[in-house]
Amino acid sequence: MNFTMDGAEIFVPDGVPEAEALARTTHMAIGAHQDDLEIMAMDGILACFRRDDNWFTGVVVTNGAGSPRSGLYGQYTDEEMQLVRIKEQKKAAIVGEYAAQVLLGHPSSAVKDAANRDPITDLAQVIQAARPEVIYTHNLADKHTTHIGVAVKVIAALRSLPEGDRPQKLYGCEVWRDLDWMNDEDKVAFNLSDMEGVQMALIGVFDSQVSGGKRYDLATMGRRRAHATYHASHATDVATGMNFGMDLTPLVTDPSLEIVEYVESFINRFAEDVRERITSTL
Ligand SMILES: [Zn+2]
């Protein structure tokens, strides 16, 4: 595969040839940084874990530069830290039994630059080789601009492909902003009750981030547990772990749909729900 960045690579945990590894993909997650996939796309990872018929491919778009560091990693240069993060992502691919792990190695600035089409070209190539049924990426109400940049470039890549190469579903998922605020009928709920040990291992493997001062392991599992309990107020808990998604599929099937307007429609329905509940009790 001919990627735009020199350091880009495809890691295949079970060593099958690259093309074959990608072609077996059914579920794909595309995230900005190392560890984003494991935080936001556990639904896809678990759907493929220990299965011969479902395969998960992870795609990390940036090189992971500029991450905070402390403790054991305090003395690492930014270059050394980037290598640590690549190694951690490969460890996750092994633990999670991924079909393949793609590392595109773009600087964050390229992802945030609307005029830079390199990440779009790379993503279109990978998606076309893998033809996944489902793609998970960042949700469009995330508060990290690099995450938004990735989601926008994923949409552009999908719009550039022939219809037959597009996935049946595109979900925007939770990292730097929950989707708990969305109206229940608007949100997609992923049941993550199974294999908690695997889930914890897949966040814990990113030690440079967790030891680096952010307890993503506890926070991610805690968010899943909280969503499961607070999702439905009347019924008893049917799930012990949940993540929420924003269905972005209409943005792919209808390329004329404006991205901002589409996201605002969710926000407007949320505002309407808040307004109605208050006015009905005044
Ligand atoms: Zn991230």
Side-chain angles (χ1 to χ4, degrees), residues 5 7-8 11 28-45 56-70 73 76 78 81-93 96 98 101-113 116 118-120 122-123 126 135-155 157 170-180 190 192 199 202-224 243-246 248 263:
M5 299 303 291
F11 172 66
M28 176 180 278
I30 304 171
H33 309 104
Q34 292 85 356
D35 79 3
D36 284 337
L37 312 178
E38 291 69 22
I39 292 171
M40 72 179 182
M42 193 53 66
D43 178 65
I45 296 171
F56 177 85
T57 288
V59 182
V60 173
V61 179
T62 75
N63 53 16
S67 69
R69 68 211 70 154
S70 67
Y73 306 92
Y76 283 47
D78 197 49
M81 197 64 171
Q82 287 178 43
L83 292 176
V84 168
R85 297 193 70 183
I86 288 170
K87 210 168 162 187
E88 287 174 344
Q89 187 61 60
K90 290 178 179 174
K91 284 187 202 169
Y98 300 174
Q101 175 61 54
V102 182
L103 295 141
L104 294 176
H106 288 278
S108 192
S109 55
V111 172
K112 291 188 276 195
D113 178 3
N116 192 327
D118 290 348
I120 299 174
D122 288 349
L123 287 171
V126 176
I135 296 182
Y136 307 82
T137 189
H138 297 284
N139 84 75
L140 289 164
D142 196 285
K143 62 182 171 184
H144 195 312
T145 314
T146 310
H147 290 187
I148 298 296
V150 165
V152 167
K153 294 214 187 292
V154 168
I155 292 165
L170 175 68
Y171 296 119
C173 305
E174 301 170 301
V175 182
W176 282 104
R177 192 170 272 156
D178 286 13
L179 292 175
D180 176 67
F190 301 114
L192 304 177
Q199 296 186 44
L202 280 169
I203 307 292
V205 89
F206 294 92
D207 182 60
S208 72
Q209 304 306 294
V210 173
S211 293
K214 299 286 269 180
R215 293 305 305 266
Y216 292 116
D217 52 343
L218 301 179
T220 301
M221 295 308 290
R223 169 156 65 191
R224 288 174 192 163
N243 261 155
F244 298 133
M246 182 184 273
L248 305 179
V263 179

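Each ligand, and each atom within it, is numbered from 1 in the order the structure gives.
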Using the side-chain contact (heavy atoms from CB on, under 4.5 Å) rule, pick out the option among Asp122, Ile120, Asp118, Ile148 that qualifies with Lys153.
Ile120
Partners passing ring-ring contact (aromatic ring centres under 6.0 Å, His included) against His106 (at least two apart in sequence or in another chain):
none
Return the set of residues passing ring-ring contact (aromatic ring centres under 6.0 Å, His included) with Phe206 (not counting sequence neighbours), or none when no residue passes.
none
Intermediate values then yes/no, side-chain hydrogen bond (donor to acceptor under 3.5 Å, both in side chains), Asp35 and Tyr216:
CA-CA 9 Å; Asp35 79 3; Tyr216 292 116; 5.5 Å; no
Around the Zn ion (ligand 1), how many protein N, O or S atoms are found at less than 2.8 Å?
4
Quick one: list whatever passes salt bridge (charged side-chain N to carboxylate O under 4.0 Å, His left out) with Asp178, sequence neighbours left out.
Arg223
Students often mix this up, so state it plainly: with edges at 30° and 60°, are the rings of Phe190 and Tyr171 parallel, tilted or perpendicular?
perpendicular
